[in-house]
Amino acid sequence: MQKTIWEKYAEVLVDYSTNVQKGDLVQIRATSIYAKELVKAVYKKVIQKGAHPILRTSFEDMSDIFIKHASDEQLDYIDPIIKLEYETVNKFISIGAPMNTKNMARADMKKLARRSKASQGLSKLLMDRSAKGEASWVVADVPTHALAQEAKMSFDEYSEFLFKSCYLDQDDPVAKLKELDKKQTKWANYLNGVKKIRITGEKTDITFGVEDRKWISCSGLNNYPDGEVFTSPVEADINGEIYFDFPQNYRGNSATGVHLWIENGQIVKFDAETGRDFLEAMLNTDEGSKGIGEIAIGTNDEIREVTGNILFDEKIGGAIHMAVGASYPETGGKNVSGVHWDMIKNMKPSSNNEGGKIYADDKLIYENGKFLI
């Protein structure tokens, strides 16, 4: 009997991404009722594996209400039950299904920043446990009308795009993810021997120290869809300027034409054509939010343009992204922040962009959206 798309999707998330085993404590989190079919398939699969599922469902409007009405004391408060879950759950499967991608667009930016700072301990806890192999996590999305509208597609067009980006149109999506990992691992192994990365392009000339930092191939274990190689650069060894031509979306807000100047790992100057106030609020969130947590190269050629969904956009084949804020302990990164904002830069030539280049220890390894090694 042929598997449904949701059964195939659940197999990837449960069997491959998080590798759920008998006896595991598995948190299944969903952001709205639109995730119901995938949640049911994941829930069933977890039970069949002999694991113990914990369902956590919510409604998007709750976040808007909380930020709007919460006092400073409430913004700083961390639910001890949630903290306990972060400390004890083995596998985290989070399914996004937004009804409204802009529900937080008018939220008080200072309160958002305060809440981010308060919750940074939970993020660090999960990243540390993941780095030690004590927990694994994955985030994924299902098609919704809101996501389709954000991407300027019909619902059917967006559904097709999402499933193809996840290789769910193929008989064996896991085999495709493993094939992707094999190719990316070769690039990651090469980069693991490099001390300096330099990126050039439109209004961009920036260097990242990466000596003794680990480059990782991403092929569906934490994000789905996937397709990138990334590391956390040496915190104080980042210098230059970088310009992001794509729209940068984060927490229901966006900024365009983001331009950052970095000295010794800290953003010392910034500008944006739109959304500058939001950018400033996020950069002032906490002590680590002006640091750089990640530099990555996108490799998923099924994703060709910005859709307004960072889960997909950061994987665009022919683009790079750099994250402001928290780094990943598994790469050797040490920057801690309640912010992790992935900003995407097109590296392909276009009518108003000559394309970008990446040098590894002064050797050209990437040009116009393609690896040369």
Side-chain angles (χ1 to χ4, degrees), residues 86 112-113 115-132 137 139 188 191-192 194 196-199 204 206-218 221-223 226 228-244 246 248-251 253 255 258-270 278-298 310-311 313-315 319-345 358:
Y86 272 76
L112 274 174
R115 184 59 183 170
S116 294
K117 184 176 182 179
S119 61
Q120 74 179 43
L122 293 179
S123 301
K124 185 178 185 302
L125 176 59
L126 179 55
M127 292 301 102
D128 287 346
R129 290 188 65 218
S130 178
K132 294 174 185 176
W137 55 273
V139 295
L191 291 167
N192 280 330
V194 168
K196 290 275 189 180
I197 292 290
R198 180 187 176 202
I199 299 175
T204 297
I206 188 168
T207 59
F208 301 85
V210 293
E211 187 174 8
D212 296 327
R213 292 298 167 91
K214 183 180 180 181
W215 288 82
I216 294 176
S217 163
C218 295
L221 297 183
N222 296 130
N223 288 182
D226 219 338
E228 66 174 281
V229 289
F230 80 96
T231 194
S232 296
V234 177
E235 286 71 23
D237 193 7
I238 308 160
N239 291 279
E241 65 175 307
I242 184 166
Y243 175 76
F244 300 95
F246 285 149
Q248 310 304 322
N249 299 284
Y250 190 60
R251 296 180 180 173
N253 288 269
V258 173
H259 197 170
L260 305 177
W261 289 262
I262 302 168
E263 293 180 6
N264 300 323
Q266 292 291 302
I267 297 168
V268 296
K269 181 182 174 184
F270 60 90
F278 178 69
L279 174 63
E280 183 175 15
M282 291 299 100
L283 293 180
N284 290 328
T285 296
D286 51 44
E287 291 181 4
S289 53
K290 282 192 173 74
I292 305 304
E294 177 189 8
I295 184 66
I297 304 165
I310 190 62
L311 180 62
D313 296 348
E314 67 173 359
K315 314 303 189 316
I320 63 154
H321 60 273
M322 184 188 83
V324 169
S327 58
Y328 293 103
E330 62 263 40
T331 66
K334 298 177 176 64
N335 198 48
V336 178
S337 175
V339 171
H340 184 91
W341 185 352
D342 292 300
M343 297 186 177
I344 311 153
K345 178 177 180 63
I358 301 177

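- The two residues Ile242 and Thr204 have their closest heavy-atom pair at CA-OG1, 3.6 Å.
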I'd like to know whether Ile358 forms a side chain to side chain contact (heavy atoms under 4.5 Å, CB included) with Ile320, so could you lay out the CA-CA distance, the side-chain angles of the two residues, the decisive distance to 0.1 Å, and finally the verdict.
CA-CA 10 Å; Ile358 301 177; Ile320 63 154; 4.0 Å; yes
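- Using a distance-only test at 3.5 Å, with no hydrogens or angles considered, no donor-acceptor pair links the side chain of His259 to the main chain of Tyr243.
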Residue pair Phe208, Ile199: steps toward the side chain to side chain contact (heavy atoms under 4.5 Å, CB included) verdict
CA-CA 8 Å; Phe208 301 85; Ile199 299 175; 3.9 Å; yes
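- The two atoms that bring Ala296 and Phe230 nearest to each other are CB-CB, 3.4 Å, heavy atoms only.
- Here the side chains of Val210 and Val234 are not in contact, with every heavy-atom distance at 4.5 Å or above.
- In this structure, a donor-acceptor pair under 3.5 Å is present between the side chains of Asn223 and Lys315.
- Atoms CE and CG, from Met322 and Leu260 in turn, are 5.0 Å apart once rounded to the nearest 0.5 Å.
- Counted within 6.0 Å of CD on Glu263, heavy atoms from surrounding residues, nucleotides or ligands total 12 or fewer; the atom is thus considered open.
- The side chain to side chain donor-acceptor pair (under 3.5 Å) pairs that include a residue from residues 331-340 are Ser232-Thr331, Asp286-Ser337, Glu294-His340, Tyr328-His340, His340-Asp342, where partners are two or more places apart or lie in different chains.
- Ser130 places no side-chain N or O within 3.5 Å of a backbone atom of Leu126 that could act as its donor or acceptor partner.
- Remark: side-chain polar atoms of Asn253 are paired, donor with acceptor, to backbone N or O of Arg251 under 3.5 angstrom.
- The structure places CD1 of Ile238 at 12.5 Å from CD1 of Ile197, a figure rounded to the nearest 0.5 Å.
- Of all heavy-atom pairs between Ala131 and Pro329, the closest is CB-CB, 4.0 Å.
- Using a 4.0 Å cut-off between charged side-chain N and carboxylate O, Arg213 and Glu330 make no salt bridge.
- Open room surrounds CD on Glu287; 12 or fewer heavy atoms of other groups in view lie less than 6.0 Å from it.
- A donor-acceptor pair is defined here as one N or O able to donate and one able to accept, closer than 3.5 Å; such a pair exists between the side chain of Gln248 and the backbone of Ile344.
- Ile216 places a side-chain heavy atom less than 4.5 Å from the side chain of Lys214.
- A distance of 6.0 Å or more separates the ring centres of Trp137 and Tyr86.
- Between the OG atom of Ser289 and the CH2 atom of Trp341 there is a distance of 11.5 Å, given to the nearest 0.5 Å.
- No donor-acceptor distance shorter than 3.5 angstrom exists from the side chain of Asn239 to the backbone of Thr207, with no hydrogens or angles considered.
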One pair to check against side chain to side chain contact (heavy atoms under 4.5 Å, CB included): Met343 and Val324. What are the steps and the verdict?
CA-CA 8 Å; Met343 297 186 177; Val324 169; 4.1 Å; yes
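- Side-chain atoms of Ile310 and Asn249, non-hydrogen and from C-beta on, never get closer than 4.5 Å to each other.
- Between Asp128 and Lys124 there is a salt bridge, since at least one side-chain N of the basic residue sits less than 4.0 Å from a carboxylate O of the acidic one.
- For NZ of Lys290, the number of neighbouring non-hydrogen atoms (other residues, nucleotides, ligands) closer than 6.0 Å is greater than 12.
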Test log, rule side chain to side chain contact (heavy atoms under 4.5 Å, CB included), inputs Leu279 and Val258:
CA-CA 8 Å; Leu279 174 63; Val258 173; 4.1 Å; yes
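- Atoms CG and CD, from Asp226 and Glu314 in turn, are 8.0 Å apart once rounded to the nearest 0.5 Å.
- Here Tyr250 contributes atom OH and Ser116 contributes atom OG; the two are 5.5 Å apart, rounded to the nearest 0.5 Å.
- Going from atom CZ of Phe270 over to atom CE of Met282 covers 11.5 Å, rounded to the nearest 0.5 Å.
- Nearest approach of Ser327 to Gly333, heavy atoms of both residues: OG-C, 3.2 Å.
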